A.B. asks: 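Would you mind keeping the following structure in view while I ask a few things?
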2 protein chains.
Amino acid sequence: MARPPKRLARDSRQAILDGAATEFAARGFAGTSVDRIARRAEVNKAMIYYHFRSKEALYRVILRSVFLSLGQRARAIAASDLPPPEQVDALVEAIMREGEARPHFPPMMLREIAEGGRCLDARTFRAMAAVFLAAREVIDRGVQTGAFVAVDPMLTYFTMLGPVMFYLGTSSLRAAIGRSRAGVDPRTDPATFVAHLQAMLRRALCAPASARAARPLARRRTTRAGDRP
Amino acid sequence: MARPPKRLARDSRQAILDGAATEFAARGFAGTSVDRIARRAEVNKAMIYYHFRSKEALYRVILRSVFLSLGQRARAIAASDLPPPEQVDALVEAIMREGEARPHFPPMMLREIAEGGRCLDARTFRAMAAVFLAAREVIDRGVQTGAFVAVDPMLTYFTMLGPVMFYLGTSSLRAAIGRSRAGVDPRTDPATFVAHLQAMLRRALCAPASARAARPLARRRTTRAGDRP
DNA sequence: GTCTATAAATAGATAGAC
DNA sequence: GTCTATCTATTTATAGAC
């Protein structure tokens with residue numbers, strides 16, 4: 001009654017997802033052939049079309065899962081009752097954790113950014129927007145309560161997310177530069193970088209204790225829809 | 001004696017460079033076919049192989065010119081006699097200007113980052129490193145003179161460059177999100193973002209006036225080659 | 001320098017046996 | 001669910017006329 005050596009259905013599907021994520025991250029959608037995915041996943045090429053309609057459908061499944069996961073983490077942090085500075089810390093850490101837990105996430109996101117979202121569907125758009133909305137909520141609250149100086153939430157969001165994405169995305173590039181003879185070794189561990197960014201954001205965002213007392217609701221102008229430059 | 005209507009040699013070469021830069025930025029190296037480049041540049045496909053050895057050689061020429069240009073700007077700023085805070089402002093502005101002057105630069109850089117530098121030659125590596133070395137010089141000087149609080153130059157570099165690359169790179173993505181019904185319009189003009197980032201970096205980097213008097217050369221430990229985590 | 005035509009390799013996708 | 005074999009379109013690149 002022992003199981004046949006044949007792999008279970010869920011196994012081959014998962015192997016395809018894992019292998020495809022690795023390949024798409026390293027070489028992009030156009031740069032990855034279905035043959036390569038099959039080879040890496042150690043499945044037959046036809047299996048990919050059995051489990052997924054097309055190369056593009058497979059790509060979309062992977063991409064969406066990544067953004068949905070990050071969106072959930074961000075929403076949970078915004079809904080928590082931590083004070084705004086700690087929420088900012090948590091957001092930075094969450095993005096970093098997500099990037100470490102799924103190494104294919106940063107390269108795929110960078111590529112999608114470069115692509116200008118040409119291949120993203122509405123659901124993935126919303127998941128990306130959810131991360132921003134959560135961050136905006138946190139920053140807005142910080143400004144309103146006087147914990148933060150008056151900053152634009154969206155621009156601040158870029159300043160939080162940008163460094164983490166840049167750090168995560170450049171991980172293999174930095175390793176390559178470090179191995180090469182360019183005269184620099186830009187390799188550091190993620191925890192150090194998180195601590196650095198959190199400290200920078202604290203100093204940049206938190207209002208000096210003296211100014212924290214009285215703060216009316218003036219100067220809360222932020223960028224919104226219809227604000228085109 | 002009027003010139004024949006035939007295009008000059010330099011024109012077709014430049015047309016190829018321009019068209020290829022646009023296409024590579026939008027679709028990546030693998031996603032761009034030589035046919036597309038020829039169509040966009042309005043030249044015959046064979047002309048591309050006449051002026052450049054291969055698709056890859058053409059790509060490399062464009063990529064290298066972008067990094068060399070940014071590296072030069074950065075070195076000039078580091079060599080200037082501005083005080084460190086103004087030099088940081090200038091670096092941020094230079095990266096932004098470069099990205100605006102050559103719209104293909106941000107997407108191409110993001111893609112190369114995602115690629116992990118697999119296709120970069122030593123010269124391009126050095127050009128990328130030059131930008132970092134210039135920034136490190138500026139930050140080191142700021143810390144040494146007591147203008148800045150003690151920060152790690154490399155991590156700080158990520159915190160400067162990351163937001164700008166993220167902002168620039170997401171320009172078309174943000175436009176797409178703004179046009180869509182995602183409930184946000186993340187479009188802002190570059191000058192506003194530069195001002196925001198400069199202000200954030202000032203608050204994050206500049207030492208409070210009280211602490212700016214005495215600062216011995218202690219605590220100048222920074223990440224260097226051979227520092228692997 | 002510019003073009004047409006085409007070679008040679010590789011891509012995504014499917015039919016059909018088991 | 002899994003595999004082999006193959007169809008068709010597209011790709012990079014070149015040969016050779018003008």
Side-chain angles (χ1 to χ4, degrees), chain A residues 1-63 108 111-112 115 118-121, chain B residues 1-63 108 111 115 118-119 121:
Chain A
M1 289 289 151
R3 277 226 178 273
K6 186 178 55 169
R7 210 172 357 212
L8 292 172
R10 289 207 52 123
D11 280 350
S12 83
R13 198 189 137 92
Q14 193 57 48
I16 291 168
L17 283 170
D18 293 344
T22 308
E23 289 293 331
F24 283 141
R27 320 175 91 87
F29 176 77
T32 301
S33 72
V34 180
D35 279 285
R36 274 195 78 96
I37 297 172
R39 219 178 312 141
R40 172 170 296 261
E42 295 178 270
V43 302
N44 189 281
K45 180 163 68 154
M47 284 304 294
I48 292 173
Y49 292 94
Y50 172 77
H51 284 297
F52 306 91
R53 280 179 218 175
S54 65
K55 180 185 167 185
E56 195 178 325
L58 168 60
Y59 183 75
R60 283 208 150 102
V61 168
I62 295 169
L63 197 66
M108 286 184 81
R111 288 181 197 279
E112 280 310 309
E115 209 82 24
R118 247 182 324 115
C119 297
L120 298 179
D121 49 68
Chain B
M1 290 292 150
R3 278 229 177 274
K6 187 177 56 168
R7 207 173 358 214
L8 293 170
R10 290 208 51 125
D11 281 348
S12 83
R13 199 190 137 93
Q14 193 57 49
I16 291 169
L17 283 169
D18 293 344
T22 308
E23 288 294 330
F24 283 142
R27 320 175 92 88
F29 175 77
T32 300
S33 71
V34 179
D35 277 286
R36 275 196 77 96
I37 297 172
R39 218 179 311 140
R40 172 171 296 261
E42 294 179 272
V43 303
N44 189 282
K45 181 165 65 158
M47 284 303 296
I48 293 173
Y49 291 95
Y50 172 75
H51 283 298
F52 306 90
R53 280 178 218 176
S54 66
K55 179 185 168 186
E56 197 179 323
L58 168 60
Y59 182 76
R60 284 207 150 104
V61 168
I62 296 168
L63 198 65
M108 286 184 80
R111 289 182 197 278
E115 210 81 23
R118 245 180 325 114
C119 297
D121 50 70

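Given the structure is predicted, the values throughout are model-derived calculations rather than measurements. Convention: sequence-line order gives letters A, B, ...; per-chain numbering from 1.
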A.B. asks: Under 4.0 Å between a side-chain N or O of Y49(A) and OP1 or OP2 of dA13(C)?
C.D. replies: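 Answer yes for this pair, as a side-chain N or O of Y49(A) is under 4.0 Å from OP1 or OP2.
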
A.B. asks: Are there over 12 heavy-atom neighbours, none belonging to R118(B), within less than 6.0 Å of that residue's CZ?
C.D. replies: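 Correct, the count exceeds 12.
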
A.B. asks: For Y50(B) and dT14(D), what is the distance between atoms OH and P respectively, to the nearest whole Å?
C.D. replies: 15 Å

A.B. asks: Rounded to whole Å, how long is the line connecting atom CZ of R53(A) with atom P of dT14(C)?
C.D. replies: 12 Å

A.B. asks: Which whole-number value in Å describes the distance from F52(A) CZ to dA13(C) C1'?
C.D. replies: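 Roughly 16 Å, once rounded to whole Å.
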
A.B. asks: Nearest whole angstrom, please: distance from the C1' of dT12(D) to the CD1 of I37(B).
C.D. replies: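 Nearest whole value for this atom pair: 11 Å.
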
A.B. asks: Applying the side-chain contact (heavy atoms from CB on, under 4.5 Å) criterion to F52(B), which one of L58(B), V34(B), I62(B) satisfies it?
C.D. replies: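 The single option meeting the side-chain contact (heavy atoms from CB on, under 4.5 Å) with F52(B) is L58(B).
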
A.B. asks: dT14(C), dA13(D), dC3(C): which one has an atom nearest the side-chain heavy atoms of K55(B)?
C.D. replies: dA13(D)

A.B. asks: Should S33(A) be listed as having a side-chain N or O under 4.0 Å from OP1 or OP2 of dT10(C)?
C.D. replies: no

A.B. asks: Out of curiosity, R60(A) CZ to F29(A) CZ, how far, rounded to the nearest 0.5 Å?
C.D. replies: 8.5 Å

A.B. asks: Please state whether the phosphate of dT12(D), meaning OP1 or OP2, lies under 4.0 angstrom from any side-chain nitrogen or oxygen of S54(B).
C.D. replies: no

A.B. asks: Rounded to whole angstroms, how far apart are CZ on R27(A) and C1' on dT10(C)?
C.D. replies: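 In whole Å, dT10(C) C1' lies 14 Å from R27(A) CZ.
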
A.B. asks: How close or far is atom P of dA13(C) from atom CG of D35(A), stated in whole angstroms?
C.D. replies: 12 Å

A.B. asks: Look at the side-chain N and O atoms of N44(B) and state whether any lies under 4.0 Å from the OP1 or OP2 oxygen of dG1(C).
C.D. replies: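 Negative; the distance criterion is not met.
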
A.B. asks: Could you tell me whether a side-chain N or O of R111(B) sits under 3.5 Å from a main-chain N or O of A26(B), the two making a donor and an acceptor?
C.D. replies: yes

A.B. asks: Mapping R36(A) and A46(B) to their closest nucleotides on DNA chain C, which lands nearer the 5' end?
C.D. replies: A46(B)

A.B. asks: Write down the distance between NE2 (H51(A)) and C1' (dG1(D)), rounded to a whole number of angstrom.
C.D. replies: 7 Å

A.B. asks: Kindly indicate whether the side chain of F24(B), heavy atoms from C-beta on, has any atom under 4.5 Å from the side chain of L63(B).
C.D. replies: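 In short, these two side chains do not touch, never coming nearer than 4.5 Å.
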
A.B. asks: Please give, in whole Å, the distance from dG1(C) P to M47(B) CE?
C.D. replies: 7 Å

